[in-house]
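Contents: one structure, followed by commentary.
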Amino acid sequence: MSWQSHAACRDTDPELFFPPTDDDTSLIAARHKMAVAPICSRCPVATDCLRWALDTGQEHGLWAATTPTDRRAIRRARSAGVPDVLADTDPMCPACSLLFPMPAVDGDLCARCTERWEAA
């Protein structure tokens, strides 16, 4: 993970990113998230951090200022074809904003939108 050496949090106490509770709705977890948000917002590798957390299924900790609940929601949306603003830079259909299931050129229409366009 070479991106970690460029992370804004590399010299920050790791305990800050791992609240002592798994309850994302707790006051303690909210305080931790508020504390890491400014660090993550200025981080040059926040996208890489979030992608890594999503791809490896991290169920604990705050990664790119996202909670495990946030990441589960992102993974559910991605599986439905809805991209995440920060994590997904893959090409998507400009008509419906769904991610392409295979490599495509950004700006191309997905198969469903192409069919609708041709039928109209």
Could you check whether E59 pairs with R72 (Lys NZ or Arg NE/NH1/NH2 to Asp/Glu carboxylate O, under 4.0 Å)? yes

So, do L50 and R71 sit near enough that their side-chain heavy atoms are less than 4.5 Å apart? yes

As an exercise, state the distance from CG of D23 to OG1 of T25, rounded to the nearest 0.5 Å. 3.5 Å

Distance-only donor-acceptor pairs under 3.5 Å for side chains of residues 28-44, two or more places apart:
| from | atom 1 | to | atom 2 | distance (Å) |
| --- | --- | --- | --- | --- |
| H32 | ND1 | L16 | O | 2.8 |
| K33 | NZ | D70 | OD2 | 2.9 |
| S41 | OG | A37 | O | 3.3 |
| S41 | OG | P38 | O | 3.0 |

Classify the angle between the aromatic ring planes of W63 and W52 as parallel (below 30°), tilted (30 to 60°) or perpendicular (above 60°). tilted

Is there a side-chain contact (heavy atoms from CB on, under 4.5 Å) between W3 and T47 once you walk through the steps? CA-CA 10 Å; W3 58 266; T47 298; over 6 Å; no

Heavy-atom nearest pair, C49 first then A64, reads SG-N, 3.4 Å

Taking atom OG1 of T66 and atom CG of L86, what is their separation to the nearest 0.5 Å? 8.5 Å

Linking I/L/V/M/F/W/Y whenever any side-chain heavy atoms sit under 4.5 Å apart, do L62 and V45 land together? yes

Hey, does the side chain of D24 reach the backbone of T69 with a donor-acceptor pair shorter than 3.5 angstrom? yes

